[in-house]
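Reading through the structure tokens given below for one structure.
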2 protein chains.
Amino acid sequence: MTTRTAAQRREQARAEHLRRMALCPTLRMLDRMGDKWVGLVLRELASGPLRSGELSRALAGASQKMLTQTLRGLERDGLLSRSVTGSVPVRVEYRLTPLGRSLLPVIEAVTDWAERHVVELDRARKRYDRTIEARDAGDRGVVQ
Amino acid sequence: MTTRTAAQRREQARAEHLRRMALCPTLRMLDRMGDKWVGLVLRELASGPLRSGELSRALAGASQKMLTQTLRGLERDGLLSRSVTGSVPVRVEYRLTPLGRSLLPVIEAVTDWAERHVVELDRARKRYDRTIEARDAGDRGVVQ
DNA sequence: CAGCATCCAGTTGGATACTG
DNA sequence: CAGTATCCAACTGGATGCTG
């Protein structure tokens, strides 16, 4: 007689798996880079340091809160540095650290792939959606 | 006299920006790859086709719903294909398409970077957290 | 075996208002 | 100018139960 039910074993495997995942460097980075504004912030800072205001103008779509949150996250990971100079008015500048700059080629790899294949992606998507639609219509005996 | 207020102009810039973003191939891909299970699914399928059950055992941490959702998303983008053979019991197999395989080097670029720099990331994070803690303690005149 | 539907908690992200 | 605090809507992801 086993001391644990199948459900318990599954549960444990699941917990274990999740713990592993949280530690996996690759998944951590994919997660970070998937954050809505990270890609854009890195792209902006790639060409040089920027002040807070310049960033928020460049990323007109981001709310002030999200911008700060994103910047803090990247700073925490050591990808960019934040330096304050003067006071009244305060002047804050963000710049990529060497670590942050070392990430740029990776982003570029994504960009290259994406731009080369965006047409295929769109085509696949349309094809898939048409197929689904057709199937659903067929299910109901509809001709449309 | 302008016909729009500053708020309206900001609002418009924001809308424009968001529309652009949704179309940017790079951001689309970063978003996709940031999906919780996409990285793992691609990693599993990199070494060859797998059946549904095999995948869910390999990704013990994922709920059945998320697994399906992830697979459908990737299929929609044309990154993997789903083939059904037999019936009672049904046998479903997932495999990367050529397009999907072409993405592997990109994932690998992320993996390489992440594994090379994970130590630095952790160090930066600890340093940052310590700094914040110290500052907060100082603010309250606490010695801890 | 593979997958869909439903319901629900937790998280993410945005609007607004305020501070040094 | 730069940033914090709060409140809230929308989305993400998970648990459960059911179908061909």
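To find a chain, count down the sequence lines: A is the first, B the second, and so on, and within it residues start at 1.
- No side-chain donor-acceptor contact under 3.5 Å links A/S87 to the backbone of A/V90.
- Comparing the end axes of the helix from C/dC1-D/dG20 to C/dG20-D/dC1, each fitted to five base pairs by superposing C1' atoms of four pairs onto the next four, gives an inter-axis angle of 40° (nearest 10 degrees).
- Sorted pairs that involve residues 47-60 of chain B and meet side-chain hydrogen bond (donor to acceptor under 3.5 Å, both in side chains), not counting sequence neighbours, are lacking altogether.
- For the atom pair CD (B/E108) and CG (B/L104), the distance works out to 8.0 Å, reported to the nearest 0.5 Å.
- Not counting sequence neighbours, the partners of B/E44 by the side chain to side chain contact (heavy atoms under 4.5 Å, CB included) test are B/L50, B/L55, B/A58, B/L59.
- Of all non-hydrogen atoms in A/V118 and A/E115, the two that sit nearest each other are CG1-O, 3.7 Å.
- Of the residues in residues 33-51 of chain A, those with a non-hydrogen atom less than 4.0 angstrom from any atom of DNA chain C are A/K36, A/W37.
- Here A/R130 pairs with A/K126, A/R127 under the side chain to side chain contact (heavy atoms under 4.5 Å, CB included) rule; sequence neighbours left out.
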Distance-only donor-acceptor hits, side chain of residues 95-103 of chain B, under 3.5 Å, sequence neighbours excluded:
from   : atom 1 : to     : atom 2 : distance (Å)
B/R95  : NH2    : B/E93  : OE1    : 2.8
B/T97  : OG1    : B/G78  : O      : 2.6
B/T97  : OG1    : B/L79  : O      : 3.1
B/T97  : OG1    : B/L99  : N      : 3.4
B/T97  : OG1    : B/G100 : N      : 3.0
B/R101 : NH1    : B/L96  : O      : 3.3
B/S102 : OG     : A/W113 : NE1    : 2.9
B/S102 : OG     : B/L99  : O      : 2.6

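- Bracketed by its first and final contacts, the part of DNA chain D lying under 4.0 Å from non-hydrogen atoms of chain A reaches from D/dC1 to D/dA15 in 5' to 3' order.
- Using a 4.0 Å cut-off on heavy atoms, the residues of residues 74-82 of chain A that approach DNA chain D are A/R82, listed by number.
- The hydrophobic cluster containing B/L67 also contains B/V84, counting ILVMFWY residues as joined when their side-chain heavy atoms lie under 4.5 angstrom apart, directly or transitively.
- For A/G53 and B/K65, each mapped to the nucleotide of DNA chain D holding its nearest heavy atom, the one lying further toward the 5' end belongs to A/G53.
- Taken from CZ in B/R72 to OH in A/Y128, the straight-line distance is 5.5 Å, to the nearest 0.5 Å.
- With sequence neighbours excluded, the residues that form a side chain to side chain contact (heavy atoms under 4.5 Å, CB included) with A/Q64 are A/T68.
- The nucleotide range of DNA chain C contacted by chain B, defined by atoms under 4.0 angstrom from heavy atoms of the protein and reported 5' to 3', is C/dC1 to C/dA15.
- Each of B/L80, B/L74, B/V41 was scored for a side-chain contact (heavy atoms from CB on, under 4.5 Å) with B/Y94, with one residue passing: B/L80.
- Rounding to the nearest 0.5 Å places CD of B/E120 at 6.0 Å from CZ of B/R123.
- Residues passing the salt bridge (Lys or Arg N to Asp or Glu O under 4.0 Å) test with A/D129, sequence neighbours excluded: B/R76.
- Nearest heavy-atom pair across B/T70 and B/M66 is OG1-O, 2.7 Å.
- Where B/Q64 and B/G61 meet DNA chain D, the nucleotide closest to each residue was compared, and B/G61 sits on the side nearer the 5' end.
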Report, one line per pair, each donor and acceptor closer than 3.5 Å where one atom sits in a side chain of residues 22-35 of chain B; sequence neighbours left out.
from  : atom 1 : to     : atom 2 : distance (Å)
B/T26 : OG1    : A/T111 : OG1    : 3.3
B/R28 : NH1    : A/D122 : OD1    : 3.2
B/R28 : NH2    : A/D122 : OD1    : 3.2
B/R32 : NE     : B/D77  : OD2    : 2.7
B/R32 : NH2    : B/G73  : O      : 3.3
B/R32 : NH2    : B/D77  : OD2    : 3.2

